[in-house]
S.K.: 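I have a structure I would like to understand better, so I am pasting it below and will then ask my questions one at a time.
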Amino acid sequence: DPEAQIVRSMLKAWHEVAGLTLNAKGHTSVNDACRLVAIGKIPTVTCAFDTSTAHADHEYVNLSQMERSCRVALATAVDYLEASNKEIPQ
């Protein structure tokens with residue numbers, strides 16, 4: 001759901017951290033996000049590294065991509081928690 005807070009938080013984080021404006025879209029890969037949503041009913045987003053070497057004999061991720069993704073994940077979590085906190089009556 002592109003209107004879900006977790007999606008909005010991640011898109012905002014990618015823009016703030018990497019200067020990228022991304023579009024939310026569905027994806028059919030198999031990963032733990034499938035279980036978090038289906039079993040735990042936990043709102044979940046995934047964002048990946050460059051997958052050009054995925055499942056290759058010499059699979060790797062550039063450290064710059066790893067760092068950027070970690071910064072995006074942290075910014076996403078902070079924004080999501082701040083937005084969630086605003087919804088809780090004080």
Side-chain angles (χ1 to χ4, degrees):
D1 177 8
E3 294 304 313
Q5 182 58 51
I6 191 68
V7 176
R8 292 195 321 257
S9 293
M10 189 204 58
L11 295 176
K12 179 180 174 185
W14 269 101
H15 184 68
E16 290 175 354
V17 171
L20 299 173
T21 302
L22 303 178
N23 295 316
K25 64 178 184 176
H27 186 62
T28 58
S29 70
V30 176
N31 58 38
D32 288 341
C34 301
R35 291 176 186 87
L36 290 170
V37 173
I39 298 169
K41 307 298 185 228
I42 299 170
T44 306
V45 293
T46 58
C47 56
F49 309 107
D50 174 12
T51 58
S52 62
T53 64
H55 308 297
D57 290 340
H58 301 286
E59 186 172 7
Y60 66 90
V61 173
N62 290 322
L63 289 178
S64 61
Q65 292 176 350
M66 178 82 65
E67 178 185 358
R68 182 180 68 185
S69 292
C70 289
R71 290 179 185 273
V72 168
L74 180 58
T76 299
V78 168
D79 187 77
Y80 180 78
L81 292 172
E82 286 177 349
S84 297
N85 191 39
K86 291 175 186 173
E87 295 174 8
I88 300 172
Q90 300 298 322

S.K.: Can you pull the salt bridge (charged side-chain N to carboxylate O under 4.0 Å, His left out) pairs that have at least one residue in residues 54-64, sequence neighbours excluded?
M.R.: none
S.K.: For residues Y80 and V37: do they belong to one hydrophobic cluster (side chain heavy atoms under 4.5 Å, members Ile, Leu, Val, Met, Phe, Trp, Tyr)?
M.R.: no
S.K.: Could you grab the distance from atom CG of L11 to atom CG of N23, nearest 0.5 Å is fine?
M.R.: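 These two atoms lie 8.0 Å from each other.
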S.K.: Measuring from S69:OG to N62:CG, what's the distance to the nearest 0.5 Å?
M.R.: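 Going from the OG atom of S69 to the CG atom of N62 covers 11.0 Å.
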S.K.: Of all heavy-atom pairs between T76 and M10, which one has the smallest distance, and what is that distance?
M.R.: OG1-CA, 3.4 Å
S.K.: Out of curiosity, does L81 fall in the hydrophobic cluster containing I42 (side-chain heavy atoms, cut-off under 4.5 Å, transitive links)?
M.R.: no
S.K.: If hydrophobic clusters are built from ILVMFWY residues whose side chains come within less than 4.5 Å, do V72 and L22 share one?
M.R.: yes
S.K.: So which pairs with a foot in residues 69-80 pass salt bridge (charged side-chain N to carboxylate O under 4.0 Å, His left out), sequence neighbours left out?
M.R.: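 As it turns out, the salt bridge (charged side-chain N to carboxylate O under 4.0 Å, His left out) pairs with a partner in residues 69-80, which skip direct neighbours, are K12-D79, E67-R71.
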S.K.: Can you see whether Q65 engages R68 through a side-chain donor-acceptor pair at a distance of less than 3.5 angstrom?
M.R.: no
S.K.: Using the test side chain to side chain contact (heavy atoms under 4.5 Å, CB included), find all partners of A33 that sit at least two apart in sequence or belong to another chain.
M.R.: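 A33 satisfies side chain to side chain contact (heavy atoms under 4.5 Å, CB included) with N31, T44, T46 once adjacent residues are dropped.
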S.K.: Under 4.5 Å side-chain heavy-atom separation, chaining through any Ile, Leu, Val, Met, Phe, Trp or Tyr, what else clusters with Y60? Say none if it is isolated.
M.R.: none
S.K.: Show which residues join L63 in its hydrophobic cluster (side-chain heavy-atom contacts under 4.5 Å, direct or indirect), or state none.
M.R.: none
S.K.: Side-chain heavy atoms under 4.5 Å apart, restricted to Ile/Leu/Val/Met/Phe/Trp/Tyr: what other residues fall into the cluster of V78, or is it alone?
M.R.: L74
